[in-house]
Peer 1: 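Take this structure first; my questions come after.
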2 protein chains.
Amino acid sequence: MSGRHSRRDEATDARDRLGRIAREWDRPAGEALRWRPGIDVRSLDCAATPGWDGGRDEAEEASAGQAVELADLQERLFAEGRTGGSRSVLLVLQGLDTAGKGGVVRHVVGLVDPQGVMHRSFGRPTPEEAAHGYLWRVRGALPRPGYIGVFDRSHYEQVLVVRVTGLEPESTWRAHYDEINAFEAEVAATGTRIVKCALFVSSDEQRSRLAQRLERPDKHWKYDPADIDTRKLLPEYLEAYQEMLERTSTDVAPWYVVPADRKWFTRLAVGELLLDALRSFDLGWPAATFDVEAELRRLAAT
Amino acid sequence: MSGRHSRRDEATDARDRLGRIAREWDRPAGEALRWRPGIDVRSLDCAATPGWDGGRDEAEEASAGQAVELADLQERLFAEGRTGGSRSVLLVLQGLDTAGKGGVVRHVVGLVDPQGVMHRSFGRPTPEEAAHGYLWRVRGALPRPGYIGVFDRSHYEQVLVVRVTGLEPESTWRAHYDEINAFEAEVAATGTRIVKCALFVSSDEQRSRLAQRLERPDKHWKYDPADIDTRKLLPEYLEAYQEMLERTSTDVAPWYVVPADRKWFTRLAVGELLLDALRSFDLGWPAATFDVEAELRRLAAT
């Protein structure tokens with residue numbers, strides 16, 4: 001298995017490189033990006049790169065290092081899950097249209113072994129889903145032990161699009177904040193580390209990204225005329241995001257505010273937050289549950 | 001979206017490179033690897049590289065080209081599925097322990113955007129699954145339109161492990177060949193291109209790979225003492241594989257026989273077979289269902 005051996009060497013190299021790169025973070029990403037009272041997303045600088053002193057080139061080098069470390073830690077988590085462990089990670093991605101959730105999945109989650117990822121994209125609920133209440137389909141998509149779960153949109157739509165478009169009366173959607181906090185506390189208590197990232201793209205950058213979808217025939221399928229109606233509700237959405245952050249950023253399931261006008265930063269930042277979650281587990285390798293020498297002898301006899 | 005622009009340029013570069021690399025295939029992979037009457041897997045050269053004239057270095061260059069083409073074609077397939085198309089791809093991976101199914105998922109399927117992949121690993125059935133019959137859980141895991149489905153093991157276990165270990169009487173498992181052919185014909189008729197790969201590792205190479213799992217603490221979790229019991233049944237398994245190929249390689253769902261002693265070849269070959277399936281769709285981009293100029297004007301007004 002020379003491939004795997006060299007992956008370990010690469011992991012060591014990557015950690016060395018990360019040591020050099022680490023100085024580009026003037027403080028940990030989790031600290032720089034974590035939502036805290038006083039942050040108003042309606043006046044956020046979406047082109048900022050909080051915590052990151054480097055530029056795009058350094059970010060790309062750091063991303064390459066993240067890839068190797070992610071692969072290593074994900075495999076350890078998976079191994080733990082296969083041998084009785086209960087821990088998992090859940091990455092929740094929220095953001096306005098064109099904020100780059102899909103790019104994060106492609107470029108960050110795409111670095112991880114598909115065997116260890118449970119990805120779920122939440123669109124408009126099907127009639128069956130709608131009949132069960134908004135947390136039903138979310139519960140069904142929670143990561144199993146050892147897995148990294150990824151939600152592209154989530155139960156938070158219930159306090160975002162549902163609120164802004166008036167699909168539920170205020171008394172109903174307003175009750176969801178407490179419901180969601182209780183739900184996430186329960187999920188965290190079962191061993192799932194929840195990392196919630198809200199991606200914020202500026203109005204100008206969003207216009208530019210929507211224009212590109214219109215100008216390029218290979219992007220037409222991503223465009224929906226309703227996107228412009230949504231865009232006109234930007235102030236209402238930002239108000240809903242603001243209250244969501246204020247009401248549902250908890251110690252067991254904190255929100256991170258990720259400026260998203262620079263795609264390379266969005267991906268670097270989410271990659272780092274995901275890595276931080278994995279690092280916090282201090283993952284080893286499961287001990288053998290069999291007698292290694294005896295098994296080697298059995299094998300040699302075959 | 002400069003990232004996407006450069007991906008298109010990369011795709012062009014990759015196609016040029018593939019043109020140069022293509023000569024390393026002395027005939028198409030699908031032709032070189034497709035099972036045909038007369039192939040006896042009990043005397044297969046598992047270190048062979050059928051159809052491939054190059055070595056490992058050329059294979060790695062070719063794999064890099066595959067990555068870019070896979071990303072491009074997968075996105076087109078996904079776009080088609082989002083706009084009313086019904087086509088999808090299903091990659092079925094079967095193989096003896098250590099044949100490298102997991103490596104194929106990590107290194108080939110891992111090249112594809114996670115948003116477009118539905119991966120399912122089939123282990124021992126749960127009681128609920130067992131109660132429903134062996135095709136039930138398989139049906140539930142079929143790729144939706146626009147997706148690439150990947151089965152790590154599959155309904156074929158019903159004529160492999162079930163047969164070899166006597167879990168069902170012969171009259172029962174023997175009926176599965178026709179059931180499976182009927183099932184796959186139905187799946188193919190709905191627009192799913194089925195690509196079935198049987199990976200064959202030699203007995204010596206399997207011993208060496210199992211030994212490495214025992215010698216390396218970071219691999220102990222992958223080792224199961226039962227693997228040696230399975231290994232002792234190698235002749236019985238090869239007989240079961242042989243009959244599986246003879247009975248279930250059909251025009252709509254052909255089997256490919258992939259020698260698996262050289263991991264780089266296994267990955268190159270499965271990547272090429274997957275690409276061939278996508279290429280056969282001749283995928284374009286969906287046409288806009290809206291008035292592009294009118295939408296650009298609406299956008300500019302926001």
Side-chain angles (χ1 to χ4, degrees), chain A residues 1 3-5 8 71 75-76 78-80 82-83 102-103 105-107 109-115 117 119 121 150 152 203 207 209-225 227-228 231-232 234 263-264 285-290 292 295-296 298-302, chain B residues 1-5 8 71 75-76 78-80 82-83 102-103 105-107 109-115 117 119 121 150 152 203 207 209-225 227-228 231-232 234 263-264 285-290 292 295-296 298-300 302:
Chain A
M1 319 278 266
R4 203 57 78 74
H5 267 299
R8 289 212 300 185
E75 189 175 7
R76 290 168 188 257
F78 191 78
E80 182 183 276
R82 286 284 283 269
T83 52
V105 175
R106 191 159 46 242
H107 296 280
V109 179
L111 299 173
V112 179
D113 188 340
Q115 295 167 101
V117 172
H119 169 267
S121 182
V150 180
D152 179 346
S203 176
R207 184 191 295 109
R209 292 182 184 178
L210 286 172
Q212 278 170 317
R213 290 186 181 177
L214 283 165
E215 284 154 4
R216 287 181 44 188
D218 64 325
K219 295 218 165 234
H220 284 164
W221 68 277
K222 291 190 170 188
Y223 182 83
D224 181 339
D227 293 347
I228 296 198
R231 179 169 160 77
K232 287 179 180 163
L234 191 57
K263 290 180 179 179
W264 60 262
W285 290 106
T289 53
F290 44 82
V292 173
E295 291 299 318
L296 277 167
R298 283 183 72 213
L299 178 62
T302 63
Chain B
M1 314 282 260
S2 62
R4 202 57 77 75
H5 266 298
R8 289 212 299 184
E75 188 175 7
R76 289 168 190 257
F78 191 79
E80 182 183 276
R82 286 285 283 268
T83 51
V105 175
R106 193 161 43 243
H107 295 282
V109 180
L111 299 173
V112 178
D113 188 339
Q115 295 166 99
V117 171
H119 168 268
S121 182
V150 180
D152 180 346
S203 176
R207 185 192 294 107
R209 291 181 186 179
L210 286 172
Q212 279 171 315
R213 289 186 182 178
L214 283 165
E215 283 154 6
R216 287 179 45 187
D218 63 326
K219 296 218 163 235
H220 285 165
W221 68 277
K222 291 190 170 188
Y223 182 84
D224 181 339
D227 293 347
I228 296 200
R231 179 171 161 76
K232 288 179 179 163
L234 191 58
K263 290 181 180 181
W264 58 262
W285 290 106
T289 53
F290 44 81
V292 173
E295 291 299 317
L296 277 167
R298 281 183 73 212
L299 177 62
T302 64

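These numbers were taken from a predicted model, which means no experiment stands behind them. Protein chains get the first letters and strands the later ones, always in sequence-line order, with residue 1 at the start of each.
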Peer 1: With the side chain counted from C-beta on, respond yes when Ile228(A) and Glu295(B) share a heavy-atom pair under 4.5 Å apart, and no when they do not.
Peer 2: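 Contact flag for Ile228(A)/Glu295(B) side chains = yes.
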Peer 1: To the closest 0.5 Å, what do you measure between CG (Leu299(A)) and CZ (Arg213(B))?
Peer 2: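 Answer for the CG-CZ pair, Leu299(A) versus Arg213(B), is 11.0 Å.
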Peer 1: Go through the atoms of Glu215(A) and report whether side chain, backbone, both or neither lie under 4.5 Å from a heavy atom of chain B.
Peer 2: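 Side chain only.
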Peer 1: What part of Arg82(A) is in contact with chain B, defined as an atom under 4.5 angstrom from a non-hydrogen atom: side chain, backbone, both or neither?
Peer 2: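 When you check distances to chain B, only side chain atoms of Arg82(A) fall under 4.5 Å.
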Peer 1: Using a cut-off of under 4.5 Å for heavy-atom pairs, which of Gln115(B), Arg231(B), His119(B) has the most such pairs with chain A?
Peer 2: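 The option with the most such pairs is Gln115(B).
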Peer 1: Using the side chain to side chain donor-acceptor pair (under 3.5 Å) definition, which of the options Lys222(A), Arg216(A), His220(A) pairs with Asp218(A)?
Peer 2: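 Only one option passes, and that is Arg216(A).
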Peer 1: Does the plane of the ring in Trp285(A) sit parallel, tilted or perpendicular to the ring in Trp221(B)? Use 30° and 60° as the thresholds.
Peer 2: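 Aromatic pair Trp285(A)/Trp221(B) classed parallel.
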Peer 1: Side-chain contact, heavy-atom cut-off 4.5 Å: Pro114(B) with Val150(A)?
Peer 2: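 Counting from C-beta outward, Pro114(B) and Val150(A) never come under 4.5 Å.
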Peer 1: Heavy atoms only, distances under 4.5 angstrom: which of Thr83(B), Leu296(B), Val109(B) has the most pairs with chain A? Name it, please.
Peer 2: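 The candidate making the most pairs under 4.5 Å is Leu296(B).
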Peer 1: Relative to chain B, which segment of Val117(A) carries a heavy atom at a distance below 4.5 Å: side chain, backbone, both, or neither?
Peer 2: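 Contact with chain B is absent: no heavy atom of Val117(A) under 4.5 Å.
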Peer 1: Who wins among Arg207(A), Lys232(A), Glu80(A) for the most heavy-atom pairs under 4.5 Å with chain B?
Peer 2: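 The residue among Arg207(A), Lys232(A), Glu80(A) with the greatest pair count is Arg207(A).
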Peer 1: Please look at Asp227(A) and chain B and tell me whether the side chain, the backbone, both or neither of the residue comes under 4.5 angstrom of a heavy atom of that chain.
Peer 2: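 Contact with chain B involves no heavy atom of Asp227(A) at all.
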Peer 1: Under a 4.5 Å cutoff for heavy-atom pairs, which residue among Ala79(B), Pro286(B), Ala288(B) has the most contacts with chain A?
Peer 2: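 Of Ala79(B), Pro286(B), Ala288(B), Ala79(B) has the most heavy-atom pairs under 4.5 Å with chain A.
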Peer 1: Is it the backbone or the side chain of Thr302(A) that comes under 4.5 Å from a heavy atom of chain B, or both, or neither?
Peer 2: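 For Thr302(A), the contact with chain B is made by backbone and side chain together.
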Peer 1: Go through it in stages, so that I can follow the logic: the residues are Val292(A) and Tyr223(B), the test is side chain to side chain contact (heavy atoms under 4.5 Å, CB included), and I'd like the CA-CA distance, side-chain angles, deciding distance and then a yes or no.
Peer 2: CA-CA 10 Å; Val292(A) 173; Tyr223(B) 182 84; over 6 Å; no
Peer 1: Counting heavy-atom pairs closer than 4.5 Å to chain B, which one of Ser121(A), Gly102(A), Ala300(A) comes out on top?
Peer 2: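 Sorted descending by pairs with chain B, the first entry is Gly102(A).
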